[in-house]
Amino acid sequence: MIPPLAAAALLGFLGTLLLLGGVLARHSLTPGHPRRRWPALGLALLGLGAALEVGWTLAGLGFLTGDALAYLTGTAPGRAALTGVVGGALLLAAERLAWPAPLLLPAAALLWGLAGTGHGATHGPGVRLLTALHAGAMSVWLGGVFALLTHPAPTAALARRFTPVALACVGLLALSGAALTLTHAGPPPGLPESGYGRTLLLKLAVFAAALLAAGLVRGAFAGRGPPRAALALEAGLLLGVLAVTAALGTTAPPSR
């Protein structure tokens with residue numbers, strides 16, 4: 001059974017990829033696709049994840065549901081959850097009203113809120129910014145893969161449009177991930193010595209497999225196989241990365 005806080009984190013990640021990744025895909029990668037119901041589903045998952053996290057935390061502290069407002073406005077994790085949901089709602093509203101320019105502000109609020117939960121709540125703004133960038137890059141990459149996978153006609157031209165975005169996301173994930181690893185777990189040689197480090201190594205292994213799958217996608221669009229099968233493999237592996245990341249966020253880092 002998935003621990004409630006890990007389940008809440010996973011719902012937040014899934015909601016962010018459908019909402020942020022879906023909105024970006026609709027505007028820049030696969031125009032008009034995915035349909036607007038997918039970002040709306042993303043907001044619902046984001047809200048459900050925040051509600052589960054807040055409810056479980058309050059229950060663990062022995063508080064009543066009437067204390068939820070005080071928790072949301074008076075604690076750092078509560079404000080982070082509230083900021084993420086409000087940012088997501090504003091992003092969806094801006095997209096539906098066709099306001100392209102203000103999209104960055106609610107997107108930033110969404111990611112800043114998401115980064116303030118889990119380990120992000122225990123570090124300063126620098127680490128939180130790295131976490132927000134890491135989550136944003138993952139959401140945009142997976143959102144683009146999802147958009148191509150579900151597109152009625154995933155052409156090579158659409159794939160070429162997505163390629164520089166995906167490469168930028170991979171680079172940002174690598175840089176921010178390396179910095180976060182040093183912050184939370186220390187030098188890489190010590191990773192196998194803790195449960196946190198071993199979970200992180202599992203995440204890196206699945207991430208590496210996703211990169212290999214991305215290479216298969218490029219080959220498929222070049223005529224060396226069915227694109228949807230390769231896209232489905234890449235999407236499945238990236239969802240695996242999200243699942244391990246959710247578990248990682250509720251695993252205590254090693255004391256150093």
Side-chain angles (χ1 to χ4, degrees), residues 4-24 27 38-61 63 65-97 99-143 169 172-173 176-177 179-180 183-184 242 245-246 248-250:
L5 289 180
L10 182 57
L11 286 171
F13 292 149
L14 292 174
T16 301
L17 84 87
L18 289 175
L19 182 51
L20 178 60
V23 167
L24 177 64
H27 278 267
W38 292 109
L41 175 61
L43 179 61
L45 292 177
L46 186 69
L48 181 60
L52 178 58
E53 178 193 353
V54 170
W56 187 260
T57 301
L58 288 175
L61 294 173
F63 293 165
T65 54
D67 298 311
L69 182 59
Y71 177 81
L72 289 171
T73 57
T75 68
R79 288 192 295 270
L82 185 59
T83 299
V85 174
V86 170
L90 291 175
L91 178 61
L92 184 62
E95 197 279 332
R96 285 182 175 272
L97 294 172
W99 296 339
L103 290 178
L104 287 178
L105 292 177
L110 165 59
L111 293 174
W112 187 254
L114 190 70
T117 60
H119 298 312
T122 61
H123 291 276
V127 174
R128 186 169 176 180
L129 177 60
L130 283 173
T131 305
L133 292 173
H134 198 74
M138 188 64 177
S139 298
V140 171
W141 182 12
L142 184 47
C169 289
L172 185 54
L173 283 168
S176 59
L180 290 170
T183 299
H184 294 313
L242 287 186
T245 302
L248 194 65
T250 58

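Quick caveat, the model's predicted, so the values are computed rather than measured.
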Practice item. Identify, with sequence neighbours excluded, every residue that meets side chain to side chain donor-acceptor pair (under 3.5 Å) alongside Thr83. Key: none
Review point. Under the side chain to side chain donor-acceptor pair (under 3.5 Å) test, which residues partner Thr57, sequence neighbours left out?
Key: none
Applying side chain to side chain contact (heavy atoms under 4.5 Å, CB included), can you list everything that pairs with [X], at least two apart in sequence or on another chain?
X	result
Ala132	Leu111, Ala115
Leu242	Leu10, Phe13, Leu14, Leu17, Met138, Leu142, Leu239
Leu130	Ser176, Ala179, Leu180
Leu90	Val86, Pro106

Testing the basics here: between [X] and [Y], what is the closest heavy-atom pair and its distance to 0.1 Å?
X	Y	value
Ala137	Cys169	O-SG, 3.4 Å
Pro39	Leu19	O-CD1, 3.5 Å
Leu11	Gly49	CB-CA, 3.8 Å
Ala81	Val54	CB-CG2, 4.2 Å
Leu114	Ala135	CD2-CB, 3.8 Å
Arg128	Gly113	NH2-CA, 4.0 Å

Review point. Do Glu53 and Leu5 come within less than 4.5 Å of each other through their side chains, counting heavy atoms only?
Key: yes
Practice item. Would you mind reporting whether Leu69 and Thr73 have side-chain heavy atoms less than 4.5 Å apart? Key: yes
**Study point:** side-chain contact (heavy atoms from CB on, under 4.5 Å) assessment of His184 paired with Leu248
**Key:** CA-CA 11 Å; His184 294 313; Leu248 194 65; over 6 Å; no
Exercise for review: Starting at CG of Leu20, measure out to CG of Leu46 and round the result to the nearest 0.5 Å.
Suggested key: 10.5 Å
Check your understanding: To the nearest 0.5 Å, what is the distance between CG (Leu92) and CG (Leu103)?
Key -> 10.5 Å
Revision key, fill the gap. Hits for ring-ring contact (aromatic ring centres under 6.0 Å, His included) against Trp112, two or more places apart or cross-chain, chain-then-number order -> none
Practice item. For Thr16 and Leu110, run side-chain contact (heavy atoms from CB on, under 4.5 Å): C-alpha distance rounded to whole Å, both residues' side-chain angles, the deciding distance at 0.1 Å, then the answer. Key: CA-CA 8 Å; Thr16 301; Leu110 165 59; 4.1 Å; yes
